[in-house]
Amino acid sequence: MLGAIEAGGTKFVCAVSDENLNIVKRYFFPTTNTEETLKNVYEFFDKFEGLKAIGIGSFGPIDINENSPKYGYITSTPKIGWRDFDFLGEIKRRYNIPVGWTTDVNAACLGEYEVGSAKEDNSCIYLTIGTGIGGGAIANGNFIEGFGHPEMGHILVKIHPKDKDFKGWCPYHGDCLEGLAAGPSVEKRYGIKAEDLDPNHEIWQILAYYIAQALVNYTLILRPEKIVLGGGVMKQTQMLKLIKKEFRALLADYVEIPMIDQYIVLPSLGDDAGIIGGLILAKQNL
Ligand SMILES: Nc1ncnc2c1ncn2[C@@H]1O[C@H](COP(=O)(O)OP(=O)(O)OP(=O)(O)O)[C@@H](O)[C@H]1O
Ligand SMILES: [Zn+2]
């Protein structure tokens with residue numbers, strides 16, 4: 001049996017599957033303090049004696065450098081109690097089986113790369129536009145990372161002409177991509193939750209402009225074969241079209257890309273991309 005933990009800033013998902021990634025059981029619970037959250041994780045996995053490996057996709061930033069003394073830690077998160085938390089160490093000490101460790105978005109990227117929208121491709125980016133914005137990338141089966149993992153959400157973008165009064169809400173940068181275009185930015189601007197705004201509201205055009213700029217930058221730097229867009233904001237069905245239109249205008253045919261409808265896509269695994277990616281990560285660590 002394989003296990004996976006999708007550790008999000010607001011909720012955790014744990015799951016176990018057979019060797020073919022067929023999910024046998026899953027368990028959702030809110031992310032509270034480390035003690036209570038881990039208690040829920042243990043309560044779930046303790047029931048499965050045949051567990052052979054676990055894959056963790058965690059919210060971050062996290063330390064993925066195996067030579068670092070803080071390898072396996074969640075590092076500089078503003079989330080109280082989770083800063084400098086040895087997440088991987090806790091799980092390894094409890095279960096004494098191989099544990100794969102990566103970011104939540106790398107895990108989702110792996111799911112889409114192996115069995116989802118990018119399964120025919122050799123490279124892929126997964127970007128989530130939810131409570132925050134984060135991205136993971138894979139080329140030829142490997143996560144793209146170096147000194148640390150990518151932080152695709154905190155890049156700098158040009159302000160939309162109709163958005164000059166909004167300062168952004170990223171606690172570190174104010175008006176970085178996440179500060180301007182993640183779900184909560186909508187409520188900060190209008191006092192209404194993103195999911196409750198009219199699909200014809202001009203905000204979607206503004207968000208699409210920011211996201212398209214990000215995709216142009218990722219395209220130019222990595223030249224991936226596929227970009228998969230997930231997260232709550234992408235539940236707005238008009239967004240994909242708006243983003244593609246802005247993207248084409250901004251890229252201005254400078255480089256060749258795959259057919260746009262095959263290039264910028266939704267996750268074919270839907271909300272399961274992260275947990276399935278976690279199971280694949282577990283399998284890879286067997
Ligand atoms: N239908 C929708 N339309 C627009 N925005 C939405 C919609 N559903 C959710 N959102 C926004 O998406 C954000 C939540 O994103 P999401 O559901 O991807 O959670 P998440 O960021 O993955 O959570 P976690 O931090 O646990 O990983 C919220 O800001 C919410 O307002
Ligand atoms: Zn930022």
Side-chain angles (χ1 to χ4, degrees), residues 1-29 44 53-60 100-144 149-150 152-153 183 195 211 215 218 224-237 239-241 243-244 258-286:
M1 264 190 154
L2 303 168
I5 304 172
E6 184 185 354
T10 51
K11 70 169 191 302
F12 263 55
V13 186
C14 295
V16 289
S17 77
D18 64 19
E19 309 263 307
N20 298 319
L21 312 176
N22 299 306
I23 294 177
V24 177
K25 194 121 198 148
R26 71 170 93 200
Y27 184 35
F28 296 81
F29 45 92
F44 178 72
I54 296 175
I56 306 175
S58 175
F59 75 92
W101 169 248
T102 194
T103 60
D104 47 2
V105 279
N106 267 350
C109 192
L110 183 60
E112 289 294 323
Y113 178 81
E114 290 289 339
V115 297
S117 294
K119 65 171 188 273
E120 308 293 339
D121 300 300
N122 293 316
S123 55
C124 159
I125 290 177
Y126 180 94
L127 190 75
T128 179
I129 306 133
T131 310
I133 297 183
I138 294 178
N140 302 315
N142 298 310
F143 294 128
I144 297 180
H149 57 77
M152 299 194 195
E195 48 271 51
I211 296 160
L215 303 193
Y218 308 148
E225 286 157 73
K226 188 87 75 199
I227 299 179
V228 183
L229 300 179
V233 171
M234 292 309 296
K235 301 244 153 87
Q236 292 287 322
T237 48
M239 278 303 281
L240 190 62
K241 200 171 156 198
I243 292 167
K244 285 195 261 192
M259 297 280 287
I260 194 138
D261 291 334
Q262 270 113 59
Y263 183 54
I264 302 174
V265 301
L266 299 174
S268 73
L269 302 176
D271 292 337
D272 283 348
I275 202 74
I276 290 177
L279 293 166
I280 295 168
L281 190 64
K283 197 169 176 178
Q284 290 179 344
N285 276 271
L286 273 179

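All values derive from a computational prediction rather than experimental measurement.
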**Study point:** Closest non-hydrogen atom pair between G3 and A282, with its separation
**Key:** O-CB, 3.4 Å

**Study point:** Y126 and its side chain to side chain contact (heavy atoms under 4.5 Å, CB included) partner, picked from V228, I227, L229
**Key:** V228

Review point. How far apart are the closest heavy atoms of A15 and I275, and which atoms are they?
Key: CB-CG1, 3.6 Å

Point to revise | Contact check, side chains of Q284 and E114, non-hydrogen atoms, under 4.5 Å | key: yes

Study note, to complete from the structure: Shortest non-hydrogen pair, G141 vs Y113, comes out as N-OH, 3.0 Å

Exercise for review: Would you check if the side chain of D18 reaches a backbone N or O of N20 as a donor-acceptor pair within less than 3.5 Å?
Suggested key: yes

Point to revise | Residue pair P150 / F143, side-chain heavy-atom distance below 4.5 Å | key: no

Review point. Counting N and O atoms only, with roles assigned by atom type, does the side chain of S123 sit under 3.5 Å from a partner on the main chain of P224, one being a donor and the other an acceptor?
Key: no

Review point. Do the side chain of Y218 and the main chain of G135 share a donor and acceptor less than 3.5 angstrom apart?
Key: no

Point to revise | Test log, rule side-chain contact (heavy atoms from CB on, under 4.5 Å), inputs V233 and I133 | key: CA-CA 10 Å; V233 171; I133 297 183; over 6 Å; no

Exercise for review: To the nearest 0.5 Å, tell me how far T102 OG1 sits from H149 NE2.
Suggested key: 8.0 Å

Study note, to complete from the structure: When rounded to the nearest 0.5 Å, the distance separating CD1 of I138 from CG of N122 is 11.5 Å

Point to revise | Reported CD1-to-CD1 distance for the pair I211 and I129, which is rounded to 0.5 angstrom | key: 4.0 Å

Point to revise | Test item: L281 and N285 side chains (from C-beta on) under 4.5 Å apart, heavy atoms | key: yes

Revision key, fill the gap. CG of L279 to CD of E6, rounded to nearest 0.5 Å, is 10.5 Å

**Study point:** Note, V16 side chain near F44 side chain (heavy atom, < 4.5 Å)
**Key:** yes

Exercise for review: Go through the steps for I144 and I125 under the test side-chain contact (heavy atoms from CB on, under 4.5 Å), then give the verdict.
Suggested key: CA-CA 10 Å; I144 297 180; I125 290 177; over 6 Å; no

Review point. Got a second to check how far L269's CG is from S117's OG, nearest 0.5 Å?
Key: 7.0 Å

Review point. What are the two closest heavy atoms between A107 and G274, and how far apart are they?
Key: CB-O, 3.9 Å

Review point. Is there a side-chain contact between C124 and E225, using heavy atoms and a 4.5 Å cut-off?
Key: no

Review point. What distance separates Q262 CD from K226 NZ, expressed to the nearest 0.5 Å?
Key: 6.0 Å

Review point. What are the two closest heavy atoms between G111 and I280, and how far apart are they?
Key: CA-CD1, 4.0 Å

Review point. Are the side chain of D261 and the backbone N or O of I264 linked by a donor-acceptor pair below 3.5 Å?
Key: no

Review point. Looking only at atom types and distance, does a side-chain atom of K283 sit under 3.5 Å from a main-chain N or O of E19, one as donor and one as acceptor?
Key: yes

Practice item. Report the C-alpha separation of M152 and V105 in whole Å, then their side-chain angles, then the decisive distance to 0.1 Å, and conclude whether the side-chain contact (heavy atoms from CB on, under 4.5 Å) test is met. Key: CA-CA 10 Å; M152 299 194 195; V105 279; over 6 Å; no

